[in-house]
2 protein chains.
Amino acid sequence: MFSKSCEYGMRAVIYVAKQTSLGNKTSVKEIASATNSPEAFTGKILQKLTKNNIIDSIKGPYGGFLIYEEKTKTIKLSQIVEIIDGDKIYTGCGLGLKECNAKNPCPIHDKFIDIRSSLKSMLETTTVYDLLKSETGEDKILQLKR
Amino acid sequence: MFSKSCEYGMRAVIYVAKQTSLGNKTSVKEIASATNSPEAFTGKILQKLTKNNIIDSIKGPYGGFLIYEEKTKTIKLSQIVEIIDGDKIYTGCGLGLKECNAKNPCPIHDKFIDIRSSLKSMLETTTVYDLLKSETGEDKILQLKR
DNA sequence: CTTATAAAAGATATTTTTATCTTTTATAAG
DNA sequence: CTTATAAAAGATAAAAATATCTTTTATAAG
Ligand code: FES
Ligand code: FES
C-alpha cells in the first residue's frame, strides 16, 4: 500500500510523538531501533519530515526529535503519506492511466474510487494524536516493532 | 496502490478479453500499443499470466493471446493482483510490520484493516467479465490508454 | 521440408528505491 | 574557546523494479 519509506516515516512519527508525550527527546538511533528501521535511512526520512514541519529537531548535545502533543492533534496521517509518497494514492488511476477521470473512466474506475476515497478519508481523519490514544483502554501498547 | 507490472497486467487482460469477445486473437505488440505499455516488458507479464492460466497463448503464425468469455467470468481481479504483486496487499500491515496481527495490533490496525478488507473484497468480487460489461449502458468505452 | 511468424526463455541494461557512509553545521557544557 | 554530541547535507552503494535485447521453441502455410 505504502512505500517502505512511508512506513518507516509513519512509525517514526508515532514513536517520536509517544516519546515526547513521556517527556523525552529521542535520537535517530533510538527511533530506528524502536521502530525496527535502518538507521541512516530513517535519518533521511526524519530530515524530510522536519523540513516539512511534521516534527521538530534540535541539533547538538541533548538534541533529538520531538513533536508537541498539541501538534499531534493537527498532524494527519494523510500529510505524512503525501510528503513521502506523493498524492498518487489519492488521485491516481487504479490501472495506472495517466489521469483518473470520471468523464473518461477506466474499466475499474467506479469500484476503485470507492476504495481510494475511503483510504483518503481514513488518512485525513486520523491524527497522530488519535493513534497515541488507546481505543480499547488505557494500556494498549504502541506496537511498532515485529 | 499496485505495481506498474500489475497495472500493465490488468490492462492487458482486459484488452485480451475484449479482443477475444470480438473474435480476435491479439499479439504482444498490439496489446502493448493498445494499453500504452512497454512491449517487451508486457511480453514478460503476459508470459506469467499464461503460465498461471489466466489467459491462453498460441505460438506461431496466426498465434497470439486470448481468453474465452466463459473464463472471464471466473477470473477475478484478485487473482491477477496476487500473481503479479503477491498477497502483501491482502495481508500486510499498513505500517509495514512483519505480520499484521489482531492480537498484537499496530496503532493503525483497526482503521487499516477496514480499507484493506474492502479492497480485497472488491478485487475478489470483480471478474474480468464484469469489467467488459457496461455499467451504464451498452456503449461505455473500455478506456485503457491515456 | 522450408520459411515465416509469434510466443517463451534467457541474458543484459536502466531506473528507481532503499540503504549506507562521510563531511558539515549547530549547540550545549565545561 | 574547546570539546563532545547530534542532526543536516552530500556523496556513494546496493537492491529491487522496470525495461530491453537476443536466442530458442512451436506451429501454420506453402
Ligand atoms: S480512471 Fe481508472 S480509476 Fe479512475
Ligand atoms: S498490525 Fe498493522 S495493520 Fe494490522
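Model, not experiment: these values are computed from the prediction. Chain letters run A, B, ... following the sequence lines, proteins first, then strands; residues in each count from 1.
The residue B/Leu46 sits apart from the nucleic acid: no heavy atom pair falls under 4.0 Å. Within 4.0 Å of B/Gly43, counting heavy atoms only, lies no atom of the nucleic acid at all. Among the atoms of the strands shown, only primed sugar atoms or phosphate atoms (P, OP1, OP2) are found under 4.0 Å from some heavy atom of B/Tyr62.
Listed nucleotides D/dC21, C/dA7, C/dA19 differ in distance to A/Lys4; the shortest reach to its side chain belongs to C/dA19. Of the listed nucleotides (C/dT20, C/dA26, D/dC21), C/dA26 has the atom at the smallest distance from the side chain of A/Lys59.
One interatomic measurement links the two molecules: CD of A/Gln47 to P of C/dA19, which rounds to 16 Å at whole-angstrom precision. One can place CD of B/Glu30 at 11 Å from P of C/dA6, the figure rounded to the nearest angstrom. C/dT16 atom P lies 16 Å from atom CG of A/Asp85, rounded to whole Å. Here the C1' atom of nucleotide D/dA6 and the CD1 atom of A/Ile55 are 14 Å apart, to the nearest Å. Straight-line distance from the CD1 atom of A/Ile58 to the C1' atom of C/dT25: 16 Å, rounded to whole Å.
Look at A/Ser57 and you won't find any side-chain N or O under 4.0 angstrom from OP1 or OP2 of D/dA7.
Residue whose closest nucleotide on DNA chain D sits further toward the 5' end, between A/Thr50 and A/Pro61: A/Pro61. When each of B/Lys44 and B/Val28 is assigned the nucleotide of DNA chain C bearing its nearest heavy atom, the one mapping closer to the 5' terminus is B/Val28.
Side-chain contact between A/Ile14 and B/Leu95: present, with at least one pair of heavy atoms (C-beta onward) separated by less than 4.5 Å.
Taking the six-membered ring for Trp and thresholds of 30 and 60 degrees, B/Tyr8 and B/Phe41 have ring planes more than 60 degrees apart, a perpendicular arrangement.
D/dT24 and C/dA7 make up a base pair, with Watson-Crick or G-U wobble contacts both under 3.5 Å. When both pairing distances are held under 3.5 Å, C/dG30 makes a Watson-Crick or G-U pair with D/dC1. In this structure, D/dA17 and C/dT14 make a Watson-Crick or G-U wobble pair, each of the two defining distances being under 3.5 angstrom.
For C/dA19, its base never sits under 3.5 Å from the side chain of A/Glu39 at any donor and acceptor pair.
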Next on the checklist: Under the criterion side-chain contact (heavy atoms from CB on, under 4.5 Å), I'd like the reasoning laid out for B/Ile115 against B/Leu119: C-alpha separation, chi angles, the key distance, then a yes or no.
Outcome noted: CA-CA 6 Å; B/Ile115 308 292; B/Leu119 173 62; 5.5 Å; no
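For the pair A/Lys88 and B/Glu7, the salt-bridge criterion is met [side-chain N within less than 4.0 Å of a carboxylate O].
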